[in-house]
Structures are given as structure tokens and as C-alpha cells.
Amino acid sequence: MRFALVDANNFYVSCERLFAPQLEGRPVVILSNNDGCAVSRSAEAKALKIGMGTPYFQWQKLAKQQGVVVLSSNYALYGELSARMMRLLGTFSAAQEIYSIDESFLHIPVSGKDALRWGSTVRHRVRKELGLPVCVGIGPSKTLAKLCNHWAKKGRVAEGVCDWDSIPDDQKVQWLQDTPMDAVWGVGRKLGESLRRQNIQQIADFLRADPVAIRQRYGIVLARTQQELQGISCLQLEQIPQKKQHIQCSRSFGQAVESLTDLEESLSVHTQRCAAKLRQDGQKAQGVQIQIRSSPHRGRYYSGVAFRPLANPSNHYQDLWQAVKAALAEAYRPGVRYAKSGILLSALQDVNMPETRSLFIAEDDAATPGDAQKKALADVLTLLKKRYGKAAPGFGVAGLRTERAWSMRAGNRSPYYLNAWSDIPVVGAG
DNA sequence: TCTGGGGTCCTAGGACCC
DNA sequence: TCTGGGGTCCTAGGACCC
């Protein structure tokens, strides 16, 4: 069995260019939430040495001088285009794993040298039907498919398709000799540094290293990576998305806040998003953790974390909110300039599994709404959300004010081309 | 002035048990 | 002076991914 990894080229930038063709050939950078750091860069922007994940203020001047187009991120747009791309990719193979917003692993449905032609077809159809540029890496393991995709993106092969089995042997030796370890899937900055200290610089060094020593020093994960690079497949395609073990929602504030009220508002919004994610995943939570913290980059750092178990497993806002409020009271310290708040739901369980309920809470207490009523209300709110988006009603302290001190900054967001009639471009309107 | 968000997995260390 | 061994469970923190 061989694997393909199909990965879009600077996906967010490519999405923006679809609707703004004048951005072709120009340096373009997409910023993270709050216009914080660079998360997607066109080839031209990479050439200007604007690093992935670097804070905007560090290269703002350069961007201005060089005429870089800087955009806030528009996740509604990227999400919709991602869904279309994944649907199309799914038609090329019986087995697909959606690995990230812009990547899919696929089983290759053809054998031998036909793989190259198959990859080329995939690439051309995605380009033609969706307008998105992608590269295809093909190999006998997921890690080698990833590596070949990396080489394809670096332009080492013609046509953006790189097949491990089609690389001439002498070339393979050469590439393994000149590709550094941190290009490998699963090897980041720290591991890369540590390996370098062990005199393992390039992939070829790593392939020569003693597997027992690797297993002992670095653990099972890297030992597996070594096997995968040798063409022994250890990682299977995960076609059915696993249920999540944690669900979290957090956001940095547009500007620092100090008041309990502001923190409550933001946490209430996170609680509603978390509850929606939980129901979407078909799960209930048994515990809630909140975190409020100041900026780690300035002044004295404060991080307040508090946990509350839920009396009964739940996926309803009303129950979660009780726990969140209690946790907030514990974690809050006055006088701190808070930069971020977040919620983490843990001990999740399938809604269909039998649950252990509290002995001490009367199930038929008429004073509190029962689960059926909460569910009915949640369903209605979900529908309204779908129809009216941000304008839909929500619970409690959230949604009272539309302009909040803590709202995100998004100075230059593109229109919702695919989600709002009013934002659809009109051909010929200039 | 200004530094994202949401996941996973692994390991170390402490509490506790017999 | 000298203070066991082996197991489980939980949590915190680190590293990685995109």
C-alpha cells in the first residue's frame, strides 16, 4: 500500500487570491487572530524573509517598504474552500484521511509508475475545478509521503508531484544527504537541536543511527519515524475521525481587560462555543477548566487556572456556565491586565454511553429545566446561529454589547465571498 | 502599542495502595 | 550509618503538528 499526501500551497494566501487575482505575483501575508503573527505567506513574502509565526510588529516596516499585502484571516472563507477541496480529493481514492485544513492523506489506487500520473491528475483537477495550487507527495509510508511533498514544494521535481519510488537512487541518496532533520514530520525545533548535538544533522545521518539508541534516548515516537523513513509503514490512515479527548475555546483580547464583567462576557462566549462543539462531537463533559492570563511578553505574568467537576455529565451551556462562573471566582485576581481567556472541557464521554449521575441531585427538580428542555433550546439556538450568524441570539451575559473592549482586532479582513450575498463579487463592476 | 488557536501524544513525578 | 518494591492513577508540562 502506498500513501499520497496532498497539501495546498500557502493555503490561506491561495484562498484570498482566488477572489482577488490582482494579488497574484505580489507578496501577500495572512495574519493570525488579533492580527498577531504571520500564519500564511506567499512565495514572494517568504523571499522577503518574513518568517512563519513571526509577530506582525517586527516586520511591519519592511512590509510597508516592500508593498506587502497584509490581510487579517478569514476562517469562514478558508473553511468553506477546505471542505470543497476535501470533497474533491475524496473522489480520487477509496480511503482518505483529512489531516488538517489543507492536507489529506489518500491511499493510492494505482500501482507502480502510474502513481506519478495519478498524482498529476489530482493536482490538475484541484487547480482547474477549485483554482487552488497543491503539491502531491507519494511514498510507502505516511512520513515518506510527507517528505516527498516537502521536496515537491521545494521545487525539486517538475510538476509538483514527487513519488519516492520514482526518484533515481543516486538522487535519493543526495537528497537524504542534504535535507536537514527538521524537515521531517514530527521533528521540530527542540528535537532538531537535540539531534544535531548527537551529530545527527541530515536525514541520512538519522537513517544510519542505531535504532535501539534512538528508542532509548528519544522514545517510541521518533523510533517509529525512523522506521517510516526506511519505508516500513507504522502509521495507518485514520479514516474515521476519533472523538476528541478535550475541547477548548480561547481567545486573546483585542486590548487588555481587568474587570470581572469583561472576563465573564468573554468566558460566556467561549462556553457557548464549547457547548456547540461538544454537541457536534456527540459528547458530554464531566469537567471544566478555565484559564485567564496576562501577557507573557510584558510585565509580571499571572496565569489563573481553576477546575470544576460537573455534578452530572452535560453538554449544555446552563450547566457548564455554573461551573465556569465558580472557577472564574477562584482564578480571578483584581488588578491584573488580562490578555487572554479560555475554557477546556475534559473527561468527555459519548452521549450514547450510560452515564453515572449524581446521587444527590433530584432528577425531577421542577425549579431547573430538565435535559430535554435544554436540548430543545440548544437546537433552536443552533438553527438561529446557522441562519443569522453573528447576529443570532445567545445566552446570558454574552451578546449584550456588539462592540466590546475585548473583541478581536481584524484590521483588514477580506469579504465573506462565499457566505454572504452582499459580499459576492459582481463581474464587470470594477 | 503590538506576540494565534486548537489539537495530540508522551513523560516525569507525586500520591496512594499493598 | 542503614529506610523496599511494585503497581496504578492523576496532573503538569513539554514537544509536536497545522
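Note on naming: letters A, B, ... go to the chains in the order of the sequence lines (proteins, then strands), and numbering restarts at 1 for each one. Source: prediction; values computed, not measured.
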Kindly say if A/Ser250 contacts the phosphate of B/dG4, meaning a side-chain N or O under 4.0 Å from OP1 or OP2.
-> no

Just call it for A/Arg273: base, sugar-phosphate, or nothing, with non-hydrogen atoms closer than 4.0 Å on any strand.
-> sugar-phosphate

Is any side-chain N or O of A/Gln60 closer than 4.0 Å to OP1 or OP2 of B/dT1?
-> no

Whether A/Tyr75 and A/Tyr12 hold their rings parallel, tilted or perpendicular, with breakpoints at 30° and 60° = perpendicular

B/dG4 OP1/OP2 closer than 4.0 Å to side-chain N/O of A/Ser73 = no

Nearest whole angstrom, please: distance from the C1' of B/dG7 to the CG of A/Asp102.
-> 15 Å

Would a line drawn from the ring center of A/Trp185 to the ring center of A/Tyr99 be shorter than 6.0 Å?
-> yes

Reckon A/Arg409 has a side-chain N or O less than 4.0 Å from the OP1 or OP2 of B/dG4?
-> no

For C/dC18, does OP1 or OP2 lie under 4.0 Å from any side-chain N or O of A/Lys146?
-> yes

On a whole-Å scale, what distance lies between the C1' atoms belonging to C/dC18 and B/dC2?
-> 24 Å

Output field dot_bracket for DNA chain B (Watson-Crick or G-U, both distances under 3.5 Å, | for other-strand pairs) contains ....||||||||||||||

Separation between the P atoms of C/dC17 and B/dT3, rounded to whole Å | 25 Å

